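Read through the structure below, which is laid out as structure tokens, and then see the notes.
First the proteins, then the strands, lettered A, B, ... as listed; each starts at 1. Note that the structure is a prediction, hence the values are computed from the model and not measured.
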There are 2 protein chains.
Amino acid sequence: MTVIFSKKCEIGIQAILYLATEGEKELFNAHQIAEKVKQPKEFVSKVLQTLTSSGIVGSKKGKNGGFFLNRSANKVRLIEIVETIDGLDIFNNCVLGFPGCSSEEPCPVHDEWGRLRDEAYKMLSEETLEDLIDITKTKLLTLH
Amino acid sequence: MTVIFSKKCEIGIQAILYLATEGEKELFNAHQIAEKVKQPKEFVSKVLQTLTSSGIVGSKKGKNGGFFLNRSANKVRLIEIVETIDGLDIFNNCVLGFPGCSSEEPCPVHDEWGRLRDEAYKMLSEETLEDLIDITKTKLLTLH
DNA sequence: CTGAAAAAATTATTTATATACTTTTAGAAC
DNA sequence: GTTCTAAAAGTATATAAATAATTTTTTCAG
């Protein structure tokens, strides 16, 4: 089985979506977040630590510490999370695995797949966390 | 770095595309194929063995043996190769990694991503090897 | 029949990701 | 200052994929 985004990236997105539902600067520790998104606490913690370097997430150490959404939900796009964790290789490399695939030297599905790929990139670049809050709230309630 | 299709799948597609450029029932051993697609022989051999079960590829054992495209290029679609090697999970599972994601209980990007996903599936289901032969020939010449 | 070649199967190793656990550092409350 | 908590960093283990090597089986040519 393959996936489009790594497990790390999936967890990162889920955790940040949860923070977005709660509001900017609201503090939650890794344990609380992990419970909401039903993922392992250690992994959530690790991934959110990585995301603090991008400025999307802020953290507070020590007693009463935790993580918080550091920017307004309408200022954060999904692509930033993807880029921080997985990088953008998936949008640049050949889907068939041919090296050096380009418009000049295309693989046989280069144009069509490239179009879908660009649309995917565009979608991730345009959607902000704010756009996704309502459905995320509902979705999180279904997890158990 | 993530990929959409596994390395196995990539190699499978590349190898079969090469066989398609040479014609149905034309016999090539794993070494020859590996040279053309610039991938490790053992891996090419392994993947093609897997594909013989699907009937896309045929094999001949022993001296002067090898692999051949078992069906007419216009009768083989890319999706069959993908399904045999990787399965179709990537088209069914939630891109954000939420379990139980469906129209009834959608994740926040379900509709839009689902549209792209369906288009990707459709593309792979419609393209036959024959459609891809010319560009593949050109592409293979660029590999070194 | 023998030797050679290649698929097919099996085994082994390496690499990367996912998962789990432990220690260190930092900061708040008392 | 002490205690507690949680991020931050580091370490270890498990799993899966990728890669490599070896053995077995099959088949053909001579």
- Roughly, in whole Å, what's the span from CZ in A:F67 to P in D:dA7? 5 Å
- Mind running side-chain contact (heavy atoms from CB on, under 4.5 Å) on B:I13 and B:V82 for me, showing each step along the way? CA-CA 8 Å; B:I13 292 175; B:V82 173; 4.2 Å; yes
Just distance, no hydrogens or angles: give the donor-acceptor pairs under 3.5 Å from side chains in residues 31-40 of chain A, sequence neighbours left out.
from, atom 1, to, atom 2, distance (Å)
A:Q32, OE1, A:N29, N, 2.8
A:K38, NZ, A:E35, O, 3.2
A:Q39, NE2, A:Q14, OE1, 3.2

- Message: Strictly below 4.0 Å: does A:K7 bring a side-chain N or O up to OP1 or OP2 of C:dT19?
- Response: yes
- Whole-Å distance between D:dT27 P and B:F68 CZ? 13 Å
- Going by distance alone, is a donor N or O of one side chain under 3.5 Å from an acceptor N or O of the other, for A:S6 and A:D86? yes
- Note on the structure: B:E10 CD to D:dA18 C1', in whole Å, measures 12 Å
- Please list residues of residues 16-52 of chain B whose heavy atoms come under 4.0 Å from any atom in DNA chain D, ordered by number; otherwise none. B:P40, B:E42, B:F43, B:K46
- Item | A:S6 or A:K61, whichever maps to the more 5' nucleotide of DNA chain C | A:S6
- Message: Surrounding NZ of A:K122 (heavy atoms of other residues, nucleotides or ligands, distance under 6.0 Å), is the total greater than 12?
- Response: no
- Among D:dA18, D:dC28, C:dA18, which is the nearest nucleotide to the side chain of B:K60? D:dC28
- Message: I'd like to know if the side chain of A:R77 and the backbone of A:T128 have a donor-acceptor N/O pair within less than 3.5 Å.
- Response: no
- Message: Working note: B:R71 + B:E80, criterion salt bridge (Lys or Arg N to Asp or Glu O under 4.0 Å); need CA distance, chi angles, decisive distance, verdict.
- Response: CA-CA 12 Å; B:R71 299 199 329 242; B:E80 290 176 70; 2.6 Å; yes
- Query: In whole angstrom, what separates A:I90's CD1 from C:dT17's P?
  - Reply: 13 Å
- Query: What's the CZ-C1' distance between B:F5 and D:dA18, to the nearest Å?
  - Reply: 18 Å
